[in-house]
Amino acid sequence: MKEKLQNTIEKALESLSVEAVDFVVEHPAEVAHGDYATNVALVAAKNLGENPRELAEKIMKAVVLQDLPEVEKVTIAGPGFLNFTLSRDFYTAKTELINTVDGEWGKNNEYLGKKVLVEYTDPNPFKEFHIGHMFTNAVGESLARLFEMAGAEVKRLNYQGDVGMHVASAIWGMQQMGLTADDKFTPQELGQAYAKGATALKEDKDSKKEIELINQKLYKHTEYDDAVNLLYEKGREVSLAYFEQIYKMLGTKFDEYFFESEVSSRGVEVVLNNTDVFTESDGAWVFKGEEYGLHTRVFINSLGIPTYEAKELALAKMKQERCGDFDLSIISTANEINEYFKVLLQAMSLIYPELAQKTEHVGHGMVRLPEGKMSSRTGDVIGAMDFIGEVKKNVETRVKESGKEIDEEVIEKVAIGAIKYEVLKGSIFQDSVFDKAGALSFEGNSGPYLQYTYARIQSVAKKAESAGVIPSLDNTPEDIYGVERILYRFPEVVEEAVKERLPHKVSVFLSQLANEYNSFYATEKIAESSDEYAPYKLALSLAVAETLKKGLWTLGIEAPEKM
RNA sequence: GCACCCGUAGCUUAAUGGAUAUAGCAGUGGCCUUCGGAGCCAAAGGUUGGGGGUUCGAGUCCCUCCGGGUGCACCA
């Protein structure tokens, strides 16, 4: 509809011989101002030096209403806005469409036929999977789903750091704790081992030497140490299995896993094969970013070990080999590495120009604890599992209080929904202080509020069915319900969200939709066979439920039928 | 010090240069003889960090100051 209005207005400008201008068609904040509004007269009047209201008058007359049967009236308001009000038929048709398109509602063609790779989460084995990883996972998963809504074939990728000093630190810590490969140890114990090792690395010289030796053994295999290798294998296995458990809970399934251990040597090769791009400096290979307004970064250190940057070059190539040709490669991480990525992409553009062009880094905001930045070294983190458990307990208490039956599966969906929504309800680009109370609350603008609204519609639909109310569009009230004025915008919102990489556009929409629906629900009878509009209200309710479900899905949140 | 990001109600937060700046939480007052109260309605809460500028129009763009975050050579 939005595009249709834009096209019609452009035609009207043409017929008036007014030069094309950059105008917008948007939803006015006030319902009284209609369903769509445009500032075209204001913008064009500026160029022409005319009175905006007079020009608006002319444009209004030139807008051929026959072309727009959905528009009931056009008015001029304020400084010269053109306001369009849609007709009852338009809304009725939307309700019908939503209930009949079967899974297609909300989709767009922005990335139709394109292959999009989305790399996200990227936890390090041997370190604790904390709420920061949950944050980045929620962001990446919703980006992946938004691209799917836009018609893309999406590959979900996960890149994990299974080599390096953090691993050596963990192994050293395990040795100190007396753990052997034959022991059964937990991911939590691994986290403790890492914290122990990382602290020792920083504070004790002798320990540092020992850890460096372990790193050499693991990395270069110059010296074979069975005990170390076995600890490594076991630790990696425990860690990765634990991550899978979390992914399952979070509703994420990766298509491909990449490990630093696979890309290290290749990273070195790439750099050494491109000595025209990189320069040797103090025994290290660096990229001089200054020529491009950036800064210098080390790609291979003086010990000959590749850094993150070099590995990333190899990774880019490996993604293409494993996933085939693609159109876009998104790498979603916290914004603390934004500057590195600029340098990295610059270097990549000189080596793999075609890859660099298709690669996009989405640096989202960081989660901070009220006390400050999280650090797995000092143990100053909130573990993902611990936190999920805490939220689940809260949900369970809530269910018990209301005297409903306990359903483990539903409790988990609600808990995960609460956490994910808390992350995705605001802009992903903004840093945020982790609001524990917010994620633990189920009222107002929250995931459970949306899930509740969905479940409530399922319940009333069942009730309506037994009351003999059958959904129908035959008899519609003259007035448009507030919820209808929001509902049809869903596809526009999804398209905007994917274009701008902003999942919260969907969250804001859903919250508004649920609020409008709940107001409607409070005043209108649906499961009431004597009400002449009940069949339409039921059809509308089902359309809202479908939209809530689809919208929550794009955020990676499930909508249970009962809760 | 340099670079990038941010500053909106007590807290969290929305707003492709547009109309009276969005919501939620907390606090205040209502709504259970009504289909799910994880709900609904109402009132209250603001000099959009300060000051200049551009524009018919600025939370949004430019300048400047203040405050915060992140990064700045061998960690990722």
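Quick note on labels: first sequence line is chain A, next is B, and so on, each numbered from 1. None of these values were measured; they are calculated from a predicted model.
Centre separation under 5.5 Å together with a plane angle under 30° does not hold for the ring of A:His295 and the six-membered base ring of B:rA3, so they are not marked as stacked. Ring-base stacking between A:Phe81 and B:rA19 is satisfied, the centre separation being under 5.5 Å and the plane angle under 30°.
Summarising the base pairing, B:rG7 is matched to B:rC66 through a Watson-Crick or G-U wobble pair whose two defining distances lie under 3.5 Å. Taking a pair to require two hydrogen-bonding distances under 3.5 Å in either a Watson-Crick or a G-U wobble arrangement, B:rG29 pairs with B:rC41. For B:rC2, the paired nucleotide is B:rG71, the pair qualifying as Watson-Crick or G-U wobble because both relevant distances are below 3.5 Å.
In summary, the aromatic rings of A:His364 and A:Phe135 are positioned with their centroids under 6.0 Å apart. Between A:His27 and A:Tyr36, the gap from one ring centroid to the other is short of 6.0 Å. A centroid separation of 6.0 Å or more is found between the aromatic rings of A:Tyr194 and A:Phe126.
Residue pairs meeting the salt bridge (Lys or Arg N to Asp or Glu O under 4.0 Å) criterion with at least one member in residues 297-310 of chain A, sequence neighbours excluded: A:Arg297-A:Glu309. Screening residues 500-530 of chain A for ring-ring contact (aromatic ring centres under 6.0 Å, His included) gives A:Tyr481-A:Phe520, A:Phe490-A:Phe509, A:Tyr517-A:Phe520 as the qualifying pairs, with residues at least two apart or on separate chains.
Distance from the side chain of A:Ala527 is smallest to B:rC35 among B:rG39, B:rG71, B:rC35. The side chain of A:Asn445 lies closest to B:rG24 when the candidates are B:rG39, B:rG24, B:rG36.
OP1 or OP2 of B:rC41 sits under 4.0 Å from a side-chain N or O of A:Ser519.
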Give every donor-acceptor pair under 3.5 Å between a side-chain atom in residues 158-167 of chain A and any protein atom, sequence neighbours left out.
residue: A:Asn158; atom: OD1; partner: A:Asp122; partner atom: N; Å: 3.2
residue: A:Asn158; atom: ND2; partner: A:Tyr247; partner atom: OH; Å: 2.8
residue: A:Asp162; atom: OD1; partner: A:Glu260; partner atom: N; Å: 3.3
residue: A:Asp162; atom: OD1; partner: A:Ser261; partner atom: N; Å: 2.9
residue: A:Asp162; atom: OD1; partner: A:Ser261; partner atom: OG; Å: 3.2
residue: A:Asp162; atom: OD2; partner: A:Arg236; partner atom: NE; Å: 3.2
residue: A:Asp162; atom: OD2; partner: A:Arg236; partner atom: NH2; Å: 3.1
residue: A:Asp162; atom: OD2; partner: A:Ser261; partner atom: OG; Å: 2.6
residue: A:His166; atom: NE2; partner: A:Gly161; partner atom: O; Å: 2.8

Protein and nucleotides 55-60 of chain B: nitrogen or oxygen contacts under 3.5 angstrom:
residue: B:rG57; atom: O6; partner: A:Lys46; partner atom: NZ; Å: 3.3

List every contact pair, protein side and nucleotides 43-49 of chain B side both N or O, where the distance is under 3.5 Å.
none

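The stretch residues 505-515 of chain A touches RNA chain B through A:Lys505, A:Asn515, each having a heavy atom within less than 4.0 Å of the strand. Against RNA chain B, the stretch residues 157-168 of chain A makes no heavy-atom approach under 4.0 Å. Using a 4.0 Å cutoff on non-hydrogen atoms, the parts of residues 447-461 of chain A near RNA chain B are A:Pro448, A:Tyr449, A:Tyr452, A:Ala455, A:Arg456, A:Ser459, A:Val460, ordered by number.
Every residue was checked against the ring pair (Phe, Tyr, Trp, His ring centres under 6.0 Å) condition with A:Phe258, not counting sequence neighbours, and none meets it. Applying the ring pair (Phe, Tyr, Trp, His ring centres under 6.0 Å) criterion to A:Phe84, with sequence neighbours excluded, gives no partner residue. Every residue two or more places apart in sequence or in another chain was checked for a ring pair (Phe, Tyr, Trp, His ring centres under 6.0 Å) with A:Tyr449, and none qualifies. Considering only residues two or more places apart in sequence or on other chains, A:Phe442 meets the ring pair (Phe, Tyr, Trp, His ring centres under 6.0 Å) condition with none of them.
Residues A:His361 and A:Ile337 are in side-chain contact: their nearest non-hydrogen atoms beyond the backbone lie under 4.5 Å apart.
Residues A:Arg398 and A:Glu443 are paired through a salt bridge, judged by an N-O separation under 4.0 Å between the basic side chain and the carboxylate.
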